[in-house]
Amino acid sequence: MPVSQRRGRRIMMSDTERDAFLTAQRTCRVATVSSDGMPHVAALWFVWDGSSLWLYSLTRSLRWSQLRHDRRAAVVVDDGVEYGELRGVELSGEVDFVGELPRTGLACAELDEPERLFASKYFGMDTLPHDGRHGWLRLTPRTVTSWDFRKLS
């Protein structure tokens with residue numbers, strides 16, 4: 001896993017802590033950029049497989065359209081209310097579009113695990129129902145930064 005963190009190593013999450021955090025959290029914020037450079041940030045559900053963040057996105061969303069023109073994205077997953085509770089992970093890199101678009105459920109071995117994880121995490125099911133409006137984005141991060149302010153005390 002790439003680590004770009006030069007500062008804040010004292011509060012940086014270990015690989016095990018990061019994986020547990022990303023597995024437990026439910027919502028991320030995905031940042032994309034329009035062709036004129038205007039940023040766009042939107043919340044989205046995700047799953048983490050230990051090396052990639054999988055995003056199940058509406059294929060007619062602004063996010064999807066922007067990623068079609070520029071595959072670069074940054075994603076933040078964070079938690080905490082009080083200062084000493086703040087923790088999170090920022091992942092950035094380029095997304096890949098995986099499977100048929102939009103996703104209707106055709107066999108795709110690469111999506112077996114992300115769809116199983118997603119169905120279990122968000123719907124309490126063994127298999128993911130497909131609505132023909134969503135598609136899969138995979139972000140295998142080029143850079144990762146993490147923080148856990150609970151380590152300060």
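Rounding to the nearest 0.5 angstrom, the gap separating the CG atom in Asp96 from the OG1 atom in Thr140 is 6.5 Å.
Between the side chain of Arg71 and the main chain of Val95, a donor-acceptor pair closer than 3.5 Å is present.
Nearest approach of Phe46 to Leu53, heavy atoms of both residues: CD1-CD1, 3.2 Å. The shortest heavy-atom contact between Leu67 and Ala73 is CD2-CB, 4.1 Å.
Phe97 does not carry Arg138 over the face of its six-membered ring by the limits of under 6.0 Å from the centre and within 45° of the normal. Geometric assessment of Arg26 against the ring of Trp45 yields a positive cation-pi assignment under the 6.0 Å and 45° thresholds.
In this structure, Trp48 and Leu91 have side chains that are in contact, with non-hydrogen atoms separated by less than 4.5 Å.
Among residues two or more places apart in sequence or in another chain, the salt bridge (Lys or Arg N to Asp or Glu O under 4.0 Å) test is passed with Arg103 by Glu100, Glu115. Residues satisfying the side chain to side chain contact (heavy atoms under 4.5 Å, CB included) criterion with Ser57, sequence neighbours excluded, are Leu44, Ser61, Arg63, Trp64, Leu137.
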Problem set entry | Worked verdict on Leu101 versus Trp136 for side chain to side chain contact (heavy atoms under 4.5 Å, CB included) | CA-CA 8 Å; Leu101 304 173; Trp136 282 103; over 6 Å; no
For this session: Apply salt bridge (charged side-chain N to carboxylate O under 4.0 Å, His left out) to the pair Glu17 and Lys151, showing each step before the final yes or no.
Result: CA-CA 12 Å; Glu17 291 168 333; Lys151 294 182 176 189; 2.8 Å; yes
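Ring geometry for His134 versus Tyr56: interplanar angle under 30°, hence parallel rather than tilted (30 to 60°).
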